[in-house]
There are 2 protein chains.
Amino acid sequence: MKKPASKPAEATAVHQVDDETLRNFIGYHMKRAFNVVQADLVQTLKPFDLRMLTYTALVLIVDNPGLRQSQLADAMDIERPNLVVIIDELERRELINRERVPTDRRAYALIATLAGRRLYEKAVAAVIAHESVLLDGIDETTRATVIAAMKQIEKSPRKG
Amino acid sequence: MKKPASKPAEATAVHQVDDETLRNFIGYHMKRAFNVVQADLVQTLKPFDLRMLTYTALVLIVDNPGLRQSQLADAMDIERPNLVVIIDELERRELINRERVPTDRRAYALIATLAGRRLYEKAVAAVIAHESVLLDGIDETTRATVIAAMKQIEKSPRKG
DNA sequence: TATTGTTATACTCTATAACTATA
DNA sequence: TATAGTTATAGAGTATAACAATA
């Protein structure tokens with residue numbers, strides 16, 4: 001894929017792979033495009049020692065001070081057990097704190113630290129810059145259409 | 001997300017999580033939508049004992065008889081080592097065969113068996129049916145726009 | 001030297017059951 | 001009994017290095 005380069009004659013017989021059956025299968029394209037976005041994001045976030053999930057969690061906590069873990073898991077659309085290690089990591093790095101909720105001692109309110117908010121500022125700027133490169137050539141209208149379609153698929157009743 | 005249901009007063013204070021920072025981040029929506037598509041596909045393919053990757057490999061092999069593993073890995077956009085176990089599984093189930101290429105004894109030509117072609121027919125029909133449900137409410141023009149945008153992102157220079 | 005397929009390995013993400021402490 | 005957070009665990013996808021056989 002990266003380099004078609006020079007292939008032996010036998011190989012070039014099929015060098016253009018027929019993917020007609022898959023071409024109208026939207027999941028096929030979403031997977032491939034998402035892999036590119038994901039790989040780019042990994043590189044973009046590496047300097048900040050964040051991954052997509054730690055980045056998303058940090059952003060939502062900064063923007064929603066006092067958020068509970070279960071609410072964050074819902075917002076991120078991941079299972080609660082999987083969120084625990086993400087919160088553990090952010091807390092270990094002193095980017096956020098778990099604070100006991102006095103009125104419900106089972107729950108934690110998640111609060112970003114100053115360091116967390118500073119990292120947020122830098123990481124968000126980097127992600128926006130990288131994404132604008134990735135989406136270069138796709139006009140605003142199209143972007144909005146794509147995002148609206150993604151949201152519609154997200155809300156599909158088949159989800160639960 | 002699945003069930004906002006009844007939450008204690010303290011929780012409802014933030015029951016609408018502010019995701020404004022993430023809203024225009026296309027990767028955020030792609031991830032969430034892809035998870036829905038992926039989860040649906042898992043269910044759709046379960047009766048055939050296929051996963052997204054084994055399904056994709058089977059389809060491409062049926063449509064491209066004689067394909068080499070390295071070409072298939074390129075077409076599927078996965079690393080060659082990861083394809084090996086997929087091919088192993090399809091071969092163990094006698095859906096495909098690895099056949100030595102006389103002119104290049106390093107390579108294998110991948111050929112679907114009759115059973116493989118029969119499973120292909122059924123699985124492709126099921127996937128098309130399920131996807132049409134998933135995309136219900138998204139008109140043809142929008143679907144084409146989304147697929148075109150995905151292809152453009154796929155081809156981003158940042159990929160390699 | 002380079003390429004095909006392979007092995008081994010590690011990391012990430014996802015998903016479920018079962019536990020604890022609170023409510 | 002139900003919920004919030006946790007632990008443990010398993011399955012799947014992704015990525016890299018290194019190897020044998022062959023070109």
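Residue numbering restarts at 1 for every chain, and letters A, B, ... go by the order of the sequence lines.
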Rounded to whole angstrom units, what separation is found between the CG atom of L45(B) and the P atom of dG13(D)? 11 Å

In residues 81-93 of chain B, what residues come within less than 4.0 Å of DNA chain D, judged by heavy atoms? P81(B), N82(B)

Considering residues at least two apart in sequence or located in another chain, which fulfil the salt bridge (Lys or Arg N to Asp or Glu O under 4.0 Å) criterion with R143(A)? E140(A)

Sorted by position of nearest nucleotide on DNA chain C, 5' first, the leading residue of R105(A) and L53(A) is L53(A)

R68(A) has an atom CZ; how far is it from atom P of dT22(C), in whole Å? 16 Å

How many whole angstroms separate atom CG of D74(B) from atom P of dA15(D)? 13 Å

Closest to the 5' end of DNA chain D, once A109(A) and N35(A) are matched to their nearest nucleotides, is A109(A)

Output the rounded distance in Å from CD1 (I78(B)) to C1' (dT16(D)). 15 Å

What closest approach, in Å, do I153(A) and V36(B) show between heavy atoms, and which atom pair accounts for it? O-CG1, 3.5 Å

Under-3.5 Å donor-acceptor pair between R106(A) side chain and dT3(D) base: yes

To the nearest angstrom, how far is E79(A) atom CD from dT3(D) atom C1'? 15 Å

For the pair made of CE in M52(B) and P in dT14(D), what is the distance, rounded to whole Å? 9 Å

Which nucleotide sits closest to the side chain of K31(A): dT14(D), dG5(C), dG5(D)? dT14(D)

Hey, does the side chain of E131(B) reach the backbone of I26(A) with a donor-acceptor pair shorter than 3.5 angstrom? yes

Of all residues at least two apart in sequence or in a different chain, which pass the salt bridge (Lys or Arg N to Asp or Glu O under 4.0 Å) check with E91(A)? R98(A)

Taking CE from M76(B) and P from dG13(D), how many angstroms apart are they, rounded to a whole number? 9 Å

Please tell me if S70(A) has a side-chain N or O lying less than 4.0 Å from either OP1 or OP2 of dT3(D). no

Applying side chain to side chain donor-acceptor pair (under 3.5 Å) to R100(B) and not counting sequence neighbours gives Y108(B)

Take atom CZ of R51(A) and atom C1' of dT14(D), then tell me their distance rounded to the nearest Å. 14 Å

Enumerate the residue pairs fulfilling side chain to side chain donor-acceptor pair (under 3.5 Å) with a member in residues 119-129 of chain B, sequence neighbours excluded, ordered by first and then second residue. T21(A)-Y120(B), D63(B)-Y120(B)

Scan R98(A) against the nucleic acid and name what it touches under 4.0 Å (heavy atoms): base, sugar-phosphate only, or nothing. sugar-phosphate

By side chain to side chain donor-acceptor pair (under 3.5 Å), which residues pair with T142(A), not counting sequence neighbours? D139(A)

Is any side-chain nitrogen or oxygen of Q69(A) closer than 4.0 Å to OP1 or OP2 of dT6(D)? yes

